[in-house]
Amino acid sequence: MSQQKVDKYKKEKYSRKQQLAKEKRQRVIYRITGCVAAAAIVGWIGFSVYARVEENRPVSYTEVSLDAINDYMSAQ
């Protein structure tokens with residue numbers, strides 16, 4: 001092996017632990033980012049479906065007659 005190759009190997013060997021730690025951090029960051037993005041997409045789809053279902057749901061109204069209360073309040 002030439003001296004350049006030997007020096008390159010020693011340099012790589014010296015920084016191998018730091019390089020592996022950096023790669024491990026990057027993998028963890030990518031996984032966390034992917035999970036957050038997937039959760040956001042699933043939440044967005046779920047909210048969209050819920051909003052569409054609520055929009056199409058028939059609305060029922062109940063009329064309340066307040067005549068008795070108005071009569072009572074005006075009598076005082």
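Scope of the values below: all heavy atoms of this structure, side chains included, with no hydrogens, waters or symmetry mates.
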Subject >> ILVMFWY cluster membership beyond Val36 - transitive side-chain contacts under 4.5 angstrom >> reply: Val28, Ile32
Original post:
So do Lys8 and Glu12 actually touch side chain to side chain, heavy atoms under 4.5 Å?
Top reply: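 Result yes, sub-4.5 Å side-chain heavy-atom pair found.
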Subject >> Student check: side-chain heavy atoms of Val42 and Ile45 closer than 4.5 Å >> reply: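 No; the side chains remain at least 4.5 Å from each other.
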Subject >> Residues which pass side chain to side chain contact (heavy atoms under 4.5 Å, CB included) with Lys13, listed by chain and number, not counting sequence neighbours >> reply: Tyr9, Arg16
Subject >> Co-membership, hydrophobic cluster, residues Ile69 and Val64, 4.5 Å side-chain >> reply: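 Yes; Val64 is reachable from Ile69 via cluster members.
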Original post:
Does Ile41 share a hydrophobic cluster with Phe47, counting links as ILVMFWY side-chain heavy atoms below 4.5 Å and allowing steps through other members?
Top reply: no
Original post:
Got a sec, which residues hit side-chain hydrogen bond (donor to acceptor under 3.5 Å, both in side chains) with Gln26, two or more places apart in sequence or on another chain?
Top reply: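 Partners of Gln26 by the side-chain hydrogen bond (donor to acceptor under 3.5 Å, both in side chains) criterion come out as none, since no residue qualifies.
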**OP:** Mind checking side-chain hydrogen bond (donor to acceptor under 3.5 Å, both in side chains) for Ser65 and listing every partner two or more places apart, or none if nothing turns up?
**Re:**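 side-chain hydrogen bond (donor to acceptor under 3.5 Å, both in side chains) check on Ser65 returns Asp67.
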Original post:
What pairs of residues pass the salt bridge (charged side-chain N to carboxylate O under 4.0 Å, His left out) test when at least one of them lies in residues 23-36, not counting sequence neighbours?
Top reply: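 Listed by first then second residue: nothing to list.
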**OP:** Among residues two or more places apart or on two chains, list those pairs meeting side-chain hydrogen bond (donor to acceptor under 3.5 Å, both in side chains) that have a residue in residues 50-60.
**Re:** Glu54-Arg57
